[in-house]
Colleague: 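Take a look at the following structure, please.
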Amino acid sequence: MNAARSLSYNKKRNTAIVSTVFLVPVFFFITVFIIYPIADSFWLSLHEWNGISSNRNFIGLENWKVLLTDSVFYKAFFNNIIIVILSIIIQLPIAMAIAFFLDVGGKKLNILKMIYFLPMLMSSVAVGFLFRYAYDPQFGIISAIDTLFGGEGMVDLLGNTTYAIYAVIAVICWQFIPFYMVYFLAGLSSIPVELYEAAIIDGATRGQYFWKIALPSMKGTIKSAAVLSLVGSLKYFDLIYVMTQGGPNGATELMATYMYKNAFQIMKMGYGSTVASAMFIIITAIALLTLKAINGKEEA
Amino acid sequence: MKKKKITIGKIIAGILAIVWLFVTGAPFYFMVASAFKEQFELFTSGVFAMPKGFYLDNLKEVIESNFPSYLLNSLTVVAISLVLILITASFASYPFSRFKFKLNKPLFAVVVAAMAVPIHVTLLPVFQLTQKIGLYDSIAALIGPYVAFNLPISVFILTSFMAEIPNELEESAEIDGCGKFRTFFNIILPLSKPGLATLAIYNSVNMWNEFSFALVLTQSPKSRTLPLSIWEYQGQYQANIPLIMAVLTFSAIPMIIAFAIGQDKLIKGMMAGAVKG
């Protein structure tokens with residue numbers, strides 16, 4: 001072997017060694033805590049098991065058959081869809097309006113920006129508790145506002161099967177609008193200043209600038225915000241679990257809360273895994289379809 | 001100079017800003033004001049009434065309860081997990097961003113795909129795994145899942161960050177006889193500091209607020225983290241709303257301080273983290 005060849009060989013070997021050593025840790029964590037659990041979840045979904053006894057009964061697709069006719073699961077899925085749709089319709093326009101206002105206002109609105117951002121810093125659990133009490137019929141905010149307008153107070157939104165889901169969605173919006181606000185703010189600030197100046201010189205009003213220039217150039221940002229909101233809405237758990245635990249009477253049940261209840265509260269581990277696996281399939285499918293739809297349109 | 005005109009648009013914008021200030025601020029005001037009220041006071045005075053005086057017993061009671069130990073648990077878990085995430089992510093990002101090898105793209109694709117996995121699919125198997133290896137109900141049980149679920153996004157962000165470090169630096173180091181390991185530790189890692197800082201803040205906020213794993217993998221007060229503690233106070237002091245509001249206020253303070261210090265980095269992290277969904 002001549003010197004040059006062995007040098008390049010050595011370099012290649014060196015790269016291979018470094019890559020292996022450096023990639024092992026990340027794949028250790030991903031395999032043990034993400035890939036293996038997904039496979040195990042599907043495997044468990046083929047069993048009947050209470051989580052305690054040592055014998056799991058292999059029952060094949062029995063759990064999946066039950067799932068297909070489980071009205072509670074459908075209800076939960078439907079609730080997830082309501083949250084997806086309302087989240088996108090409510091959160092994105094409001095977030096956009098606020099972001100544009102803050103962007104036009106510039107630095108002098110920094111304090112407002114910080115206050116608007118506050119909800120993002122609280123954990124979903126804390127937000128859930130805060131609103132559980134804010135919605136309290138006796139001393140909550142909503143009842144107080146109702147009395148202010150001459151009502152009798154005692155408004156019990158979370159206890160009402162019709163309104164509970166909307167009350168919960170309002171909290172979700174409260175928590176996440178600041179996130180999309182920041183997201184859109186970054187989008188707005190990445191539009192070249194020249195575009196704005198050129199528009200103003202040409203005599204455009206702020207409104208015209210917003211509709212004709214800012215909004216079209218933020219298409220990509222808006223799309224990814226919508227995808228984020230979509231995927232996020234399918235995974236909600238913390239907030240709902242804390243506020244209503246899926247109640248009253250299943251009115252706010254979600255796929256994730258239903259999964260948790262089956263697996264950890266009534267100890268139907270096998271069926272809980274089935275719900276989890278179904279959730280995984282649904283979220284993956286919807287995410288892929290959405291991405292495809294969005295990318296497809298871009299090519300056209 | 002033209003005089004500034006007050007247009008209808010501006011008035012609408014102003015009203016919107018004030019309305020939104022109220023929407024955002026009212027619950028916070030409710031939380032903090034209630035924390036300073038006596039239990040009885042909350043029922044008799046209006047919800048939005050200022051507290052009569054600074055009633056500090058709630059805060060005292062929270063501090064004298066298990067709260068400090070929950071705080072310590074959260075700090076420990078976040079600190080250990082964060083160190084592991086930063087080391088593992090920077091290791092992985094180096095070959096991903098700078099080496100050409102056959103498996104580079106497929107392996108990176110696996111990492112990216114892991115970002116989209118809902119944690120609820122993994123809860124039950126991880127719960128069982130934790131029991132099998134005897135870590136159930138300890139803060140150590142949380143470290144593995146926390147690292148694993150924050151790694152994909154961290155690797156994703158850091159890889160694009162490292163890819164922007166100019167190649168020339170590395171090449172000249174190589175000519176000077178620097179091996180890959182030394183290049184990584186002496187050149188790439190120091191230059192990645194801003195990216196690592198963003199990740200540190202973003203991941204800390206995530207883990208600080210994490211609920212699902214903490215709910216499933218821990219049980220006793222000795223190993224519970226802050227978000228879970230709120231759950232427990234609620235069980236113990238169901239009717240004592242001011243006390244619970246005091247706990248909520250306390251638990252929000254560290255994040256608000258973190259935000260005040262690392263505002264830019266947190267926002268950058270959130271933007272980058274946005275791809276996670």
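Note that this is a predicted model, so its numbers are computed, not measured. Lettering follows sequence order; numbering is per chain, from 1.
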Colleague: Give the minimum heavy-atom separation between Q128(B) and M269(A), together with the two atoms involved.
Modeller: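 Heavy-atom minimum between the residues: NE2-SD, 4.2 Å.
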
Colleague: Do W20(B) and F117(A) pass the ring-ring contact (aromatic ring centres under 6.0 Å, His included) test, and can you show the C-alpha distance, the side-chain angles, and the key distance before you say yes or no?
Modeller: CA-CA 11 Å; W20(B) 197 252; F117(A) 192 78; over 10 Å; no

Colleague: Decide yes or no for F184(B) and V18(A): does some side-chain heavy atom of the first lie under 4.5 Å from some side-chain heavy atom of the second?
Modeller: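 No. Closest side-chain heavy atoms not under 4.5 Å.
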
Colleague: Just how far is it from atom OG of S251(B) to atom CG of L121(A), taken to the nearest 0.5 Å?
Modeller: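 The CG atom of L121(A) is 11.5 Å from OG of S251(B), to the nearest 0.5 Å.
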
Colleague: State, yes or no, whether a side-chain contact exists between K12(A) and F101(B) at a heavy-atom distance under 4.5 Å.
Modeller: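 Side chain of K12(A) against side chain of F101(B), heavy atoms only: no contact under 4.5 Å found.
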
Colleague: Determine the minimum heavy-atom distance between S41(A) and P125(B), stating which atoms define it.
Modeller: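 S41(A) and P125(B) have their closest heavy atoms at N-CG, 3.9 Å.
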
Colleague: Applying ring pair (Phe, Tyr, Trp, His ring centres under 6.0 Å), can you list everything that pairs with F127(B), at least two apart in sequence or on another chain?
Modeller: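 If we apply the ring pair (Phe, Tyr, Trp, His ring centres under 6.0 Å) test to F127(B), skipping adjacent residues, the hits are F264(A), Y136(B).
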
Colleague: Calculate, to the nearest 0.5 Å, the distance between atoms CD1 and CZ belonging to I143(B) and F29(A) respectively.
Modeller: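 That separation rounds to 9.0 Å.
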
Colleague: Indicate yes or no: at least one non-hydrogen side-chain atom of F28(B) is less than 4.5 angstrom from one of M122(A).
Modeller: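 Result yes, sub-4.5 Å side-chain heavy-atom pair found.
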
Colleague: For F27(A), is it the side chain, the backbone, both, or neither that has a heavy atom closer than 4.5 Å to a heavy atom of chain B?
Modeller: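 When you check distances to chain B, only side chain atoms of F27(A) fall under 4.5 Å.
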
Colleague: Checking heavy atoms, do the side chain of V110(B), its backbone, both or neither come under 4.5 Å from chain A?
Modeller: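 Only the side chain of V110(B) comes within 4.5 Å of chain A.
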
Colleague: Are any non-hydrogen side-chain atoms of F129(A) and Y233(B) less than 4.5 angstrom apart?
Modeller: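 They are not in contact (no side-chain heavy atoms under 4.5 Å apart), so the answer is no.
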
Colleague: Check A17(B) against Y116(A) and note the closest heavy-atom contact, atom names and distance.
Modeller: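 Closest approach of A17(B) to Y116(A), heavy atoms only: O-OH, 2.7 Å.
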
Colleague: Show the numbers, then the answer: is there a side chain to side chain contact (heavy atoms under 4.5 Å, CB included) between F259(B) and M120(A)?
Modeller: CA-CA 10 Å; F259(B) 177 65; M120(A) 261 327 281; over 6 Å; no

Colleague: Could you tell me the separation between the OG1 atom of T88(B) and the CG atom of L23(A), rounded to the nearest 0.5 Å?
Modeller: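 Reported to 0.5 Å precision, the distance equals 11.0 Å.
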
Colleague: Would you mind telling me which of L228(B), N104(B), V126(B), L215(B) has the largest number of heavy-atom pairs within less than 4.5 Å of chain A?
Modeller: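 Sorted descending by pairs with chain A, the first entry is L215(B).
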
Colleague: Nearest 0.5 Å, please: how far is CD1 in I17(A) from NZ in K180(B)?
Modeller: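 Rounded to the nearest 0.5 Å, the NZ-CD1 separation comes out at 12.0 Å.
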
Colleague: Of all the heavy-atom pairs spanning P152(B) and I34(A), show the shortest one and how long it is.
Modeller: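 In terms of heavy atoms, the two residues are closest at CG-CD1, 4.5 Å.
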
Colleague: Are the side chains of S212(B) and D238(A) in contact, using a 4.5 Å heavy-atom criterion?
Modeller: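 Yes, close enough: below the 4.5 Å cut-off.
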
Colleague: By a 4.5 Å heavy-atom criterion (distance strictly below it), what part of F131(A) contacts chain B: side chain, backbone, both, or neither?
Modeller: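 Interface part for F131(A): side chain.
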
Colleague: What residue, out of T31(A), I177(A), V275(A), V127(A), has the most heavy-atom pairs lying under 4.5 Å from chain B?
Modeller: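 The candidate making the most pairs under 4.5 Å is I177(A).
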
Colleague: For this output row, return yes or no: ring centroids of F22(A) and F181(B) closer than 6.0 angstrom.
Modeller: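 Judged by ring-centre distance (under 6.0 Å), F22(A) and F181(B) do meet the cut-off.
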
Colleague: If the condition is side-chain hydrogen bond (donor to acceptor under 3.5 Å, both in side chains), which residues does T274(A) pass it with, not counting sequence neighbours?
Modeller: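 Per chain and number, T274(A) pairs via side-chain hydrogen bond (donor to acceptor under 3.5 Å, both in side chains) with no residue.
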
Colleague: Tell me, for L129(B) versus chain A, whether the close heavy atoms (under 4.5 Å) come from the side chain, the backbone, both or neither.
Modeller: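 Only the side chain of L129(B) comes within 4.5 Å of chain A.
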
Colleague: Among L118(A), I94(A), I30(A), N14(A), which has the most heavy-atom pairs under 4.5 Å with chain B?
Modeller: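 Of the candidates given, the most pairs with chain B belong to L118(A).
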
Colleague: Under 4.5 Å from any heavy atom of chain B, what part of Y260(A) do you find: side chain, backbone, both or neither?
Modeller: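 Side chain of Y260(A) only, per the 4.5 Å heavy-atom cut-off to chain B.
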
Colleague: Quick one: what part of A126(A) sits under 4.5 Å from any heavy atom of chain B, side chain, backbone, both or neither?
Modeller: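 Both backbone and side chain of A126(A) come within 4.5 Å of chain B.
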
Colleague: Check whether S123(A) reaches the backbone of P227(B) with its side chain - one donor and one acceptor, N or O, closer than 3.5 Å.
Modeller: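 Judged by distance alone, no pair lies under 3.5 Å.
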
Colleague: If I compare all heavy atoms of A276(A) with all of V121(B), which pair ends up nearest, and what's the gap?
Modeller: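 Closest pair (atom of A276(A), atom of V121(B), distance): O-CG2, 3.7 Å.
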
Colleague: Could you check whether atom CD1 of I11(B) has more than 12 heavy atoms from other residues, nucleotides or ligands sitting under 6.0 Å from it?
Modeller: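 More than 12 within 6.0 Å, yes.
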
Colleague: Hey, could you give me the CZ/NE2 distance between F280(A) and H120(B), rounded to the nearest 0.5 Å?
Modeller: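 The distance works out to 14.5 Å.
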
Colleague: Quick check on Y94(B) against chain A: is it the side chain, the backbone, both or neither that has a heavy atom closer than 4.5 Å?
Modeller: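 Contact with chain A involves the side chain of Y94(B) alone.
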
Colleague: For I244(B), is it the side chain, the backbone, both, or neither that has a heavy atom closer than 4.5 Å to a heavy atom of chain A?
Modeller: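 Contact with chain A: side chain only.
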
Colleague: Which answer fits A252(B), side chain, backbone, both or neither, if we ask what part of it has an atom under 4.5 Å from a heavy atom of chain A?
Modeller: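 Side chain only.
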
Colleague: Heavy-atom cut-off 4.5 Å, strictly under: side chain, backbone, both or neither for L124(B) against chain A?
Modeller: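 Contact with chain A: backbone and side chain both.
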
Colleague: Please determine, among V125(A), V24(A), L130(A), the option with the most heavy-atom pairs under 4.5 Å with chain B.
Modeller: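 Of the candidates given, the most pairs with chain B belong to L130(A).
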
Colleague: Select one option (side chain, backbone, both, neither) describing which atoms of E174(B) are under 4.5 Å from chain A's heavy atoms.
Modeller: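 Only the side chain of E174(B) comes within 4.5 Å of chain A.
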
Colleague: Mind checking the OG1-CD1 spacing from T24(B) to I115(A)? Nearest 0.5 Å is all I need.
Modeller: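 The distance works out to 8.5 Å.
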
Colleague: Could you pull out the closest heavy-atom pair between A97(A) and L16(B), with the gap in Å?
Modeller: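 Distance-wise, the nearest heavy atoms are CB-CD2, 4.1 Å.
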
